[in-house]
Every structure is written in structure tokens, then in C-alpha cells.
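Quick caveat: nothing in here was measured; it's all calculated off a predicted structure. Both backbone and side-chain heavy atoms feed into the values below; hydrogens, waters and symmetry mates do not.
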Amino acid sequence: MSRATITHIGGPTVLIEVGGWRILTDPTFDPPGEHWNFGWGATSRKLAGPAIAPTDIGPIDIVLLSHDHHGDNLDHAGREMLSRAGTVVTTIPGKRRLGHGDTVGLAPWASVESAKSGAPTLEIVATPARHGPPGSRPIVGAVIGFVLRWKGQENGVLWISGDTVLFDGVREVGRRFTVGTAVIHLGGVRFPISGPLRYTMTAEDAVHLGRQLNPQTIVPVHCEGWKHFRQDQSAARDILASSELGGSVLWLEPGTSTEVTV
């Protein structure tokens with residue numbers, strides 16, 4: 001039976017260990033308190049720090065960075081960590097901005113393979129993400145999610161949504177892949193300056209998407225620890241638990257490693 005270990009560090013930051021690979025998503029390791037400007041008058045404040053300090057995280061083979069230009073997905077300490085990681089996989093504009101020596105920039109549906117002695121070859125496929133309403137990309141910037149594939153998966157690919165709303169590009173993931181484990185960014189982000197417009201999925205969106213993807217395991221993340229989340233973890237838990245997907249939802253205890261079948 002193929003298994004992976006997933007550790008939620010906080011926000012969008014997850015450590016995935018499988019077959020000798022150590023993969024980190026969206027590194028955020030700063031302490032709470034700082035205000036961040038997300039552009040066009042949108043601001044937020046970090047409310048919680050990481051469950052594991054960056055000095056205790058250990059070596060990282062690959063960083064999957066959904067986008068580099070928002071502090072809740074890449075903060076100061078996370079940016080410093082990139083210099084100690086192996087490969088960084090991110091958006092094409094992100095590759096141009098980062099300056100990290102081994103960075104791969106991917107457009108949606110493009111892919112890259114990584115090889116490591118003693119580990120299965122890992123295929124990383126970029127998936128579409130839209131971090132806001134239609135037409136918002138010039139303001140919010142490019143974002144991607146990630147599909148991870150390797151030989152020996154039993155239940156389907158591991159998919160990380162990245163920061164996105166529910167739109168046809170995310171639904172297309174379910175048409176192209178059998179998803180076994182889905183790490184989904186929630187939080188229902190809104191900002192006072194843009195009123196009711198949302199910039200990430202809600203738990204209700206995750207239910208709609210889950211009906212199509214039908215993954216064995218749904219791992220919700222990125223719905224706590226920042227002021228700009230409008231649907232907190234407690235509300236998301238209730239909505240997901242009362243849905244037909246409730247038995248598939250795995251809420252990770254920050255800092256605690258959990259095994260999942262993949």
C-alpha cells in the first residue's frame with residue numbers, strides 16, 4: 001500500500017513526504033503580527049505563527065510555490081528558506097522575480113519531472129488557478145496549483161489547489177485526472193475595498209468541487225491565521241462535516257504528521 005506523510009505547518013504551508021521526497025508548499029514561517037499589503041488597497045495581518053520553525057523543518061527537495069507575490073503564501077522567512085531548498089516550482093512570472101538558482105516556471109497544464117536516487121520519478125503538473133473574480137488576473141497576478149504523480153500511486157494523483165476560486169479551470173482537474181488526495185485552499189477571502197468579491201474558495205465551493213473530483217481524502221488548509229479569511233475553520237468544518245463528503249475530510253493538527261493512502 002502506497003502512503004504519504006502530510007504535515008500542516010500553518011496557512012498554506014504543508015510538508016509532503018513520499019518515497020524519499022520531501023516537498024514543501026507555499027513557505028510561510030514568519031511570526032504573527034505583521035501587516036501585509038496585497039496591492040490595490042487590499043491589506044491583512046498575520047494572526048498565527050507556524051507550528052514548526054524553519055530551522056526545524058529539515059532538508060527540502062522541492063518547494064511548490066503557487067505564487068510568490070502575496071505574503072500569506074511566501075513571507076520573509078519562507079523566502080529565505082528558498083535559498084536552502086532544492087528546486088522551486090512556481091509560475092512563469094514568479095520564476096522571473098525570484099532569482100533562485102534552480103527555479104522552474106510553469107504555465108497551467110505544463111509539467112516537469114524530478115529525479116532523485118532511491119526515490120520514484122516525480123511528475124509535477126501545473127493546474128489552473130484564478131485568485132479572484134473573472135478578469136482579476138491583472139490585479140491579483142498569476143497563480144497555479146499542482147498535481148503530483150509518481151509510480152505506485154493506488155488511489156490517484158495528489159492535487160494541491162493553490163489559492164483559487166471555484167471556476168472551470170479547477171473543474172478541469174477532475175476531467176483530466178483521477179484525484180486521490182486533494183489539498184484544498186479555503187478561507188473565502190474577501191477585502192473591504194472589493195466588497196462581496198471572493199478570492200479563494202469556501203467550504204461550500206469545496207463540496208461542489210468534491211462531488212466532481214470524488215477524492216478519497218480531502219485536506220483543507222489555508223483558512224486560518226490571517227485577518228482576511230472570512231470563513232474560519234470552525235465554519236468550514238461544520239459545512240464539510242454535514243455534506244456527503246464528510247467522511248473523506250481530513251483536518252490536520254498543525255505540526256503533527258499524518259499518513260494518508262495515495
Side-chain angles (χ1 to χ4, degrees), residues 1-18 23 25-26 47-48 51 64 66 72 127-131 145-149 153-190 196 198-226 228-262:
M1 183 176 293
S2 179
R3 291 187 174 274
T5 299
I6 303 180
T7 307
H8 188 202
I9 295 166
T13 311
V14 174
L15 175 65
I16 300 166
E17 298 171 274
V18 59
I23 304 158
T25 68
D26 287 353
L47 304 176
L64 302 177
S66 67
D72 61 331
T127 60
R130 196 184 76 208
H131 200 1
F146 304 95
V147 156
L148 302 182
R149 278 201 294 202
Q153 285 177 323
E154 299 175 6
N155 296 319
V157 302
L158 192 158
W159 175 56
I160 301 142
S161 72
D163 281 7
T164 184
V165 295
L166 181 61
F167 76 115
D168 197 54
V170 216
R171 297 185 186 96
E172 182 66 19
V173 174
R175 293 190 280 265
R176 296 193 183 210
F177 299 97
T178 298
V179 178
T181 301
V183 179
I184 301 181
H185 293 204
L186 297 180
V189 166
R190 287 188 289 127
R198 294 195 184 277
Y199 296 87
T200 61
M201 283 190 278
T202 62
E204 292 91 341
D205 294 329
V207 170
H208 288 298
L209 183 60
R211 288 173 183 149
Q212 178 186 347
L213 299 180
N214 195 29
Q216 176 169 302
T217 307
I218 297 171
V219 182
V221 297
H222 209 22
C223 57
E224 84 298 320
W226 284 82
H228 58 294
F229 293 124
R230 293 297 182 263
Q231 185 183 70
D232 63 19
Q233 187 178 119
S234 176
R237 279 180 180 268
D238 290 345
I239 292 163
L240 288 167
S242 63
S243 75
E244 67 271 32
L245 305 175
S248 301
V249 178
L250 174 63
W251 288 95
L252 299 177
E253 183 67 28
T256 300
S257 299
T258 303
E259 275 197 347
V260 297
T261 304
V262 292

For [X] and [Y], which heavy atoms make the closest approach, and how far apart are they?
X: L166; Y: M201; result: N-CG, 3.6 Å
X: L245; Y: G210; result: CD1-CA, 3.6 Å
X: R130; Y: F167; result: N-CE2, 3.4 Å
X: L47; Y: W226; result: CD1-C, 3.7 Å
X: T13; Y: D26; result: OG1-O, 2.6 Å
X: S161; Y: A129; result: O-CB, 4.2 Å

Without placing hydrogens or testing angles, list every side-chain donor-acceptor pair under 3.5 Å for residues 174-189, not counting sequence neighbours.
unit_1, atom_1, unit_2, atom_2, d
R175, NE, E172, OE1, 2.7
R175, NH2, D168, OD1, 2.8
R175, NH2, D168, OD2, 3.2
R175, NH2, E172, OE1, 3.1
R176, NE, E172, OE2, 3.1
H185, ND1, D163, N, 3.4
H185, ND1, D163, OD1, 2.7

Set of side chain to side chain donor-acceptor pair (under 3.5 Å) partners for [X], sequence neighbours left out:
X: T202; answer: E204, D205
X: T200; answer: none
X: R149; answer: E123
X: T25; answer: none

Set of side chain to side chain contact (heavy atoms under 4.5 Å, CB included) partners for A203, sequence neighbours left out: Q231, A236, I239, L240

Residues that Y199 engages under ring pair (Phe, Tyr, Trp, His ring centres under 6.0 Å), provided they are two or more places apart: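 Partners of Y199 under the ring pair (Phe, Tyr, Trp, His ring centres under 6.0 Å) test: F191.
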
T256 side chain near H8 side chain, heavy-atom distance below 4.5 Å: no

Side chain T5, main chain T258, donor-acceptor under 3.5 Å: no

Backbone of S2 reached by a side-chain donor or acceptor of E154 within 3.5 Å: yes

Straight-line distance of L252 CG to I6 CD1, nearest 0.5 Å: 6.5 Å

Candidate pair V18 and L148, rule side-chain contact (heavy atoms from CB on, under 4.5 Å), full reasoning: CA-CA 11 Å; V18 59; L148 302 182; over 6 Å; no

Evaluation steps, side-chain contact (heavy atoms from CB on, under 4.5 Å), between V260 and L158: CA-CA 11 Å; V260 297; L158 192 158; 5.7 Å; no

Once salt bridge (charged side-chain N to carboxylate O under 4.0 Å, His left out) is applied, do any residues pair with [X], and if so which ones, sequence neighbours excluded?
X: R198; value: none
X: R211; value: E244
X: E224; value: none

Sequence neighbours excluded, every pair satisfying salt bridge (charged side-chain N to carboxylate O under 4.0 Å, His left out) that has a member inside residues 252-262: R3-E259

Show me the donor-acceptor pairs, under 3.5 Å and distance only, between side chains in residues 214-223 and residues at least two apart or in other chains.
unit_1, atom_1, unit_2, atom_2, d
Q216, OE1, N155, ND2, 3.4
H222, NE2, D72, OD2, 3.3

